[in-house]
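Heads up, the thing below is written out as structure tokens.
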Amino acid sequence: MVAELKSKMARKPGSGNILLMVLGLFAVVFLFFSYTAKLICEKAGTVPGILVWIPVFQMIPLLRAASMSAWWFLALFIPFVGFVVHILWCFKLSAARGKGLLTGICLILPGLSFFAWLYLAFSDSGSSADSKGGDAVKSRETEPLPA
């Protein structure tokens, strides 16, 4: 009976490897999210600082990038108010990056928020062509077709 109990309580040899793999995956996902948050802050015209790499406090530089006060961070912890602040933040962050209303809506929707986040991080600024004085669509020079 005691030997049977010891064998059930014995740790399986490969179970520690699975835990390390899961922790490693979480670390990679966290670092990727922090990097994209850093890119969004920089492209919105703010300096993210060290807070963008600290798990809970990442929201403070992202609020600043959306031209919102860092005090809104405390409002995120109030149940209904936090939901409203999140919606407002999505639209303001989208506008700060020069993107439209659709990007803000996609940031709110659970299935599309990941893709909208990547779009905000890796796309060019929406108003960069206007600030350079050029057209939004680059014209290509083509040769005329032979007759």
Side-chain angles (χ1 to χ4, degrees), residues 8-147:
K8 285 183 181 180
M9 293 178 65
R11 198 175 118 194
K12 294 183 181 179
S15 63
N17 293 338
I18 294 173
L19 179 63
L20 286 176
M21 287 175 38
V22 169
L23 288 175
L25 180 67
F26 279 135
V28 168
V29 169
F30 171 74
L31 290 174
F32 180 73
F33 175 77
S34 297
Y35 176 70
T36 56
K38 177 184 167 292
L39 286 177
I40 289 172
C41 289
E42 289 172 349
K43 290 182 178 185
T46 61
V47 178
I50 194 77
L51 287 178
V52 81
W53 300 99
I54 300 173
V56 177
F57 298 104
Q58 288 174 324
M59 198 62 195
I60 293 173
L62 290 170
L63 284 167
R64 288 186 190 143
S67 300
M68 297 173 73
S69 171
W71 287 103
W72 285 104
F73 176 73
L74 296 175
L76 288 170
F77 295 104
I78 302 171
F80 180 73
V81 176
F83 179 70
V84 174
V85 169
H86 177 72
I87 291 173
L88 179 65
W89 171 77
C90 288
F91 289 116
K92 289 183 93 89
L93 185 66
S94 176
R97 282 284 292 118
K99 306 303 177 193
L101 182 68
L102 185 61
T103 307
I105 293 171
C106 289
L107 271 176
I108 295 169
L109 299 174
L112 297 176
S113 62
F114 174 73
F115 299 108
W117 184 260
L118 292 179
Y119 176 65
L120 287 176
F122 295 113
S123 67
D124 291 332
S125 176
S127 61
S128 66
D130 296 333
S131 64
K132 293 178 185 174
D135 292 336
V137 178
K138 293 182 180 179
S139 62
R140 293 189 322 190
E141 292 184 29
T142 58
E143 295 181 23
L145 294 174

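Keep in mind that the numbers below use all heavy atoms, side chains included, and drop hydrogens, waters and symmetry copies. Keep in mind the model is a prediction, meaning the values are calculated, not measured.
- Between Leu120 and Lys43, the closest side-chain pair of non-hydrogen atoms is not below 4.5 Å.
- The shortest side-chain heavy-atom distance between Leu107 and Phe114 does not fall under the 4.5 Å cut-off.
- Once rounded to the nearest 0.5 Å, the distance linking CH2 of Trp89 with OG of Ser67 reads 13.0 Å.
- For Ala96 against Ala65, the heavy-atom pair with the smallest separation is CB-O, 3.2 Å.
- Here the NZ-CG distance, from Lys99 to Asp124, works out to 7.0 Å after rounding to the nearest 0.5 Å.
- Here the CG atom belonging to Leu74 is positioned 8.0 Å from the CD1 atom belonging to Ile78, to the nearest 0.5 angstrom.
- Side chain of Ser69 to backbone of Trp71: a donor-acceptor contact under 3.5 angstrom is found.
- Remark: Phe91 engages no residue in a ring-ring contact (aromatic ring centres under 6.0 Å, His included) (not counting sequence neighbours).
- Residues Cys41 and Arg64 fail the side-chain proximity criterion, which asks for heavy atoms closer than 4.5 Å.
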Exercise. Stepwise, does the side chain to side chain contact (heavy atoms under 4.5 Å, CB included) test hold for Ile40 with Trp117?
Worked result: CA-CA 9 Å; Ile40 289 172; Trp117 184 260; 3.7 Å; yes
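- Residues Gly100 and Ser94 come closest through the heavy atom pair O-OG, 2.8 Å.
- Annotation: the span from Leu102 atom CG to Leu112 atom CG amounts to 8.5 Å, rounded to 0.5 Å.
- Residue Phe30 qualifies as enclosed at atom CZ: its count of foreign heavy atoms under 6.0 Å is above 12.
- Taking every heavy atom of both residues into account, Ala116 and Cys106 meet most closely at CB-CB, 3.7 Å.
- Residues Arg97 and Tyr119 have side chains not in contact (no heavy-atom distance under 4.5 Å, counting atoms from C-beta outward).
- Here the side chains of Leu76 and Trp72 are not in contact, with every heavy-atom distance at 4.5 Å or above.
- Looking at residues two or more places apart in sequence or on another chain, you find a side-chain contact (heavy atoms from CB on, under 4.5 Å) between Phe122 and Phe32, Tyr35, Thr36, Leu39, Leu118.
- Between Val85 and Phe73 the shortest side-chain heavy-atom distance does not fall below 4.5 Å.
- Contact record, Leu93 with Ala66: N-CB, 3.7 Å, taken as the closest heavy-atom pair.
- Side-chain contact between Gln58 and Phe33 is present, with at least one heavy-atom pair separated by less than 4.5 Å.
- The CG atom of Leu63 sits 10.5 Å away from the NZ atom of Lys92 when rounded to the nearest 0.5 Å.
- Residue Leu23 places its CG atom among more than 12 non-hydrogen atoms of other residues, nucleotides or ligands, all under 6.0 Å distant.
- Two residues are said to be in side-chain contact when any heavy atoms from C-beta on lie closer than 4.5 Å; Glu42 and Val47 fail this criterion.
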